[in-house]
Protein chains: 2
Amino acid sequence: MSGPLTERRQMILKLVIQEFVDTATPVASETLVRKYRLPVSPATVRNDMAALEELGFLTHPHTSGGRIPTDAGYRFFVENLMERTSLSPAEQRMIRHQFYQVRGELDQWVQLACAVLARTAHNASVATAPRAEQLRFKSLELIAIHETMALAVIVFHGGIIKQQTLPIEPGRTPEDLRRAAGVVSDLLADATLTRAEELAAVATFNGVPLSEFERTLVDMVVRAMIAFEEQAQEQIYSDGLLEMLSQPEFMPASGRDDAERAIERLRRTLEILKSGRGLGPLIPQALASGGVQVIIGGEHGEDAMRDYSVILARYGVEGALVGVLGVIGPTRMAYPRSISTVRYIASLMSNLLADLYYANPRPSEPDVDTPATS
Amino acid sequence: MSGPLTERRQMILKLVIQEFVDTATPVASETLVRKYRLPVSPATVRNDMAALEELGFLTHPHTSGGRIPTDAGYRFFVENLMERTSLSPAEQRMIRHQFYQVRGELDQWVQLACAVLARTAHNASVATAPRAEQLRFKSLELIAIHETMALAVIVFHGGIIKQQTLPIEPGRTPEDLRRAAGVVSDLLADATLTRAEELAAVATFNGVPLSEFERTLVDMVVRAMIAFEEQAQEQIYSDGLLEMLSQPEFMPASGRDDAERAIERLRRTLEILKSGRGLGPLIPQALASGGVQVIIGGEHGEDAMRDYSVILARYGVEGALVGVLGVIGPTRMAYPRSISTVRYIASLMSNLLADLYYANPRPSEPDVDTPATS
DNA sequence: CATTAGCACTCTCACTTAGCGAGTGCTAAC
DNA sequence: GTTAGCACTCGCTAAGTGAGAGTGCTAATG
């Protein structure tokens, strides 16, 4: 009954999606013919639409009123119909420029990535900070704040730092602090958490037992590493709520029912963004696979996510320092644009991080757009 | 015509506000009598309500349907009718415990304060990071990341740190880095921005001209200080959007008009929270005055804030390291609770920061609730 | 003179009905 | 396979209706 997926039907599917993404209203056969000057009559388009519906790519919210794409429709579009675009050179330049302005300030990168993602893809964005698979200690610095308080700066591989205050006994000189920090730095050099714990248990350096103060410091580092390990998993940056809010999905133009649902939707979205719940399972997945992941609506089991699509990509230095970033928005989303944005920013961030890792920096400005495999 | 503000009328105003805060619906004369067992008839209450209306403390959204407080009504309530409460000891303990858990991690304090404020006051919260009136350099540490890249950790008075990467020439040894950092640390010790700029211009240390590398470092510090000066002004942390969203104001229980407005309201709120616009003028004001500031609805000129109240307090160490924190929510807000929450957390944060500043730490747990002057 | 009972009046809310218009599905012709 | 024609469906809007809530006013009361 349904018939084959002819060339024309694919084009119609593509047009329906395009149109729906643009207007956010169900698209009618006649509109399509008029707007795109199709060389066939509305009736023909209707027939094809009916076929596409039976194939599962389109639906009908109401008997009257046009068609809208299903998740499967979007999926087919993303996989087969969409032409793979890149951001325009001008946009790429603008984005690079923004990153250039915070070069060096690596604590700003993730936030900036979120902000740019959101603005460019016109949707909400999420990102995790880059994270080593294995947290590795690098060095410890102690700076006296006053007689009984010092600031410890714990540095890990990959430019991750953690600050911590700790009380000290009044007698200690700056030289004292420096020496202790030096001992601990050397002792724990390049240690992973487990290694650090072992070393803490032994509590000797070159056969000499650690002083009490040094032991305190080692303990502090271990605790900081544990805390980091636990916390970093959950920390998800996000931005662009406002961007997403201005999508028509959240404007109750029609009835009151719609409005109620819009608010409810919004609340859910907020919860997702805030807690990263709903993203949870996706992130390890994105970390595992390279390339850009597209999860459309209900494909992802979570019920709360039924109306949203997520586009994620891993970024960073393979095996050393990786994170995930992406875009989240209504299923009715400009996939080509969102995907190329995510791809571009992921590659940009990867290059930035690579500079941190490799002595011989690759050109930190991807000339066109180094596509990851999809 | 309006008549005097008798004792009873004040009580009625108070009850109306209490009731309206609770239920979010206009309150009727009869409800009041029934619920609070008033020894007068609804008619009497009505008369008093009419008087209160003429005094400008109450309004009528519609001819039928009860009364709701005006901004002036809330103001009178806050100033004269409200009993000054404190958070319950149990709550205080719980909050202290949470801060205790991140003791030492001063980069977490502001975020935690926001989170706790939001949860406790059931509203959105805002806070600025503590900030010295004069940023003062403390020390610089350099850690090699690899042959051509180093991580600089710039420490300022008050535990403010800034990390920055910088490229280095391949030849440099760790010892090299340490020495250079030491020179710069000593040279710039305790310098303010202007002083640092002067020193950078002179570019000598104890009469000896700085090496090129050292000059680079000094320049970096100066740039970092400038960046900080500019940025810190605007950086506003916030939390608790979800908390606020669950206020009935944002639930379109009634008509569609309401819903539309709810979304619009929400969008505005988001903008305010995100950019801090609308709070801008308030923050310096709060910094200037001690105590807890309450700004109700339209009292603050900004039109976008007409439906919101803001409760702000300064925290920190007077003249050394201060910030602002507070709560923002619908004018229909539990003022006593919000105010005591803000007051308590501000004093808690102040004590935490005082520990950083004074060698002899005051007890970091305010036993009851050190009230700031209002 | 403050208080109160009684009552008419107002205005919102929720529900129903009717009409319109958009868009489809089907059928029959090409 | 394509198209014109047309009946049919269904959501949306506007208008109308009844109920209920709550007030404002008036007149009676201590």
Side-chain angles (χ1 to χ4, degrees), chain A residues 1-12 15-16 19-20 23-35 37-54 58-68 251-261, chain B residues 1-12 15-16 19-20 23-35 37-54 58-69 248 251-261:
Chain A
M1 177 61 90
S2 62
L5 190 53
T6 63
E7 196 73 28
R8 193 181 61 208
R9 286 177 182 170
Q10 295 194 24
M11 189 187 61
I12 288 179
L15 292 181
V16 168
E19 189 64 15
F20 183 63
T23 63
T25 45
V27 352
S29 52
E30 210 209 319
T31 320
L32 227 50
V33 172
R34 192 167 18 82
K35 220 164 186 173
R37 310 220 175 286
L38 297 190
V40 291
S41 78
T44 309
V45 174
R46 273 204 294 281
N47 286 336
D48 283 347
M49 279 173 155
L52 285 165
E53 190 163 348
E54 264 186 288
L58 293 180
T59 346
H60 242 165
H62 323 293
T63 319
S64 89
R67 304 296 213 295
I68 63 174
M251 313 226 184
S254 20
R256 89 180 114 248
D257 255 17
D258 220 27
E260 230 166 292
R261 219 167 308 157
Chain B
M1 178 61 87
S2 61
L5 190 54
T6 64
E7 195 74 27
R8 194 183 59 207
R9 287 177 181 170
Q10 295 193 24
M11 190 187 61
I12 288 179
L15 292 181
V16 168
E19 188 62 15
F20 183 63
T23 63
T25 45
V27 353
S29 53
E30 210 210 317
T31 320
L32 227 49
V33 173
R34 191 168 19 83
K35 219 163 185 173
R37 311 222 174 284
L38 297 189
V40 292
S41 77
T44 311
V45 174
R46 273 204 292 282
N47 286 334
D48 282 347
M49 279 173 157
L52 285 167
E53 190 163 347
E54 262 186 290
L58 293 180
T59 346
H60 244 176
H62 323 292
T63 321
S64 90
R67 304 288 210 303
I68 63 174
M251 313 225 185
S254 20
R256 87 177 117 251
D257 255 17
D258 222 26
E260 228 167 295
R261 220 169 307 158

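In what follows, chains are A, B, ... by sequence order, proteins preceding strands, each numbered from 1.
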Original post:
Who pairs with Ser64(B) by side chain to side chain contact (heavy atoms under 4.5 Å, CB included), at least two apart in sequence or on another chain?
Top reply: none
Subject >> Nearest-angstrom distance from the residue atom CD1 of Ile68(B) to P of dT12(C) >> reply: 14 Å
**OP:** Please report, rounded to the nearest Å, how far the P atom of dT4(C) is from the CD atom of Glu30(B).
**Re:** 14 Å
Original post:
Distance from Met11(A) atom CE to Arg8(A) atom CZ, nearest 0.5 Å?
Top reply: 7.5 Å
Original post:
Closest to the Thr44(B) side chain: dT2(D), dG21(C), dT3(C)?
Top reply: dT3(C)
Original post:
Taking atom P of dA2(C) as reference, at what distance in whole Å does atom CD of Glu7(B) sit?
Top reply: 16 Å
Subject >> Distance, rounded to the nearest Å, where Leu38(B) contributes CG and dT4(C) contributes C1' >> reply: 15 Å
**OP:** Take atom NE2 of His62(A) and atom C1' of dC10(D), then tell me their distance rounded to the nearest Å.
**Re:** 8 Å
**OP:** Could you say whether Pro39(B) or Pro61(B) is positioned toward the 5' end of DNA chain C, judged by the nucleotide with the nearest heavy atom to each?
**Re:** Pro39(B)
Subject >> Distance in angstrom units between Leu52(A) CG and dT24(C) C1', rounded >> reply: 15 Å
Original post:
Under the salt bridge (Lys or Arg N to Asp or Glu O under 4.0 Å) test, which residues partner Arg34(A), sequence neighbours left out?
Top reply: none
**OP:** Do nucleotides 25-30 of chain C as a string where each nucleotide becomes B, S or -: B if the base has a protein heavy atom under 4.0 Å, S if just the sugar-phosphate does, - if no protein is that close.
**Re:** B-----
Subject >> Set of side chain to side chain contact (heavy atoms under 4.5 Å, CB included) partners for His62(A), sequence neighbours left out >> reply: none
Original post:
Which nucleotide in the set dT3(D), dT2(D), dT24(C) lies at the smallest distance from any side-chain heavy atom of Arg8(A)?
Top reply: dT2(D)
Original post:
Who pairs with Thr63(A) by side chain to side chain contact (heavy atoms under 4.5 Å, CB included), at least two apart in sequence or on another chain?
Top reply: none
Are any protein N/O atoms closer than 3.5 Å to N/O atoms in nucleotides 16-19 of chain C? If there are, list each pair with its distance.
none

Original post:
At what distance, to the nearest 0.5 angstrom, does OG1 of Thr59(B) lie from CD1 of Ile68(B)?
Top reply: 5.0 Å
Original post:
By salt bridge (Lys or Arg N to Asp or Glu O under 4.0 Å), which residues pair with Glu53(B), not counting sequence neighbours?
Top reply: Arg67(B)
**OP:** Could you pull out all residues at least two apart from Glu19(B) that satisfy side chain to side chain contact (heavy atoms under 4.5 Å, CB included)?
**Re:** Thr23(B), Val27(B), Thr31(B), Leu32(B), Lys35(B), Tyr36(B)
Original post:
Stepwise, does the side-chain contact (heavy atoms from CB on, under 4.5 Å) test hold for Leu52(B) with Val16(B)?
Top reply: CA-CA 11 Å; Leu52(B) 285 167; Val16(B) 168; 5.9 Å; no
Original post:
Rounded to the Å, how far apart are Leu32(A) CG and dT24(C) C1'?
Top reply: 14 Å
Original post:
Would you say Ser64(A) reaches dG23(C)'s phosphate, i.e. side-chain N/O to OP1/OP2 under 4.0 Å?
Top reply: no
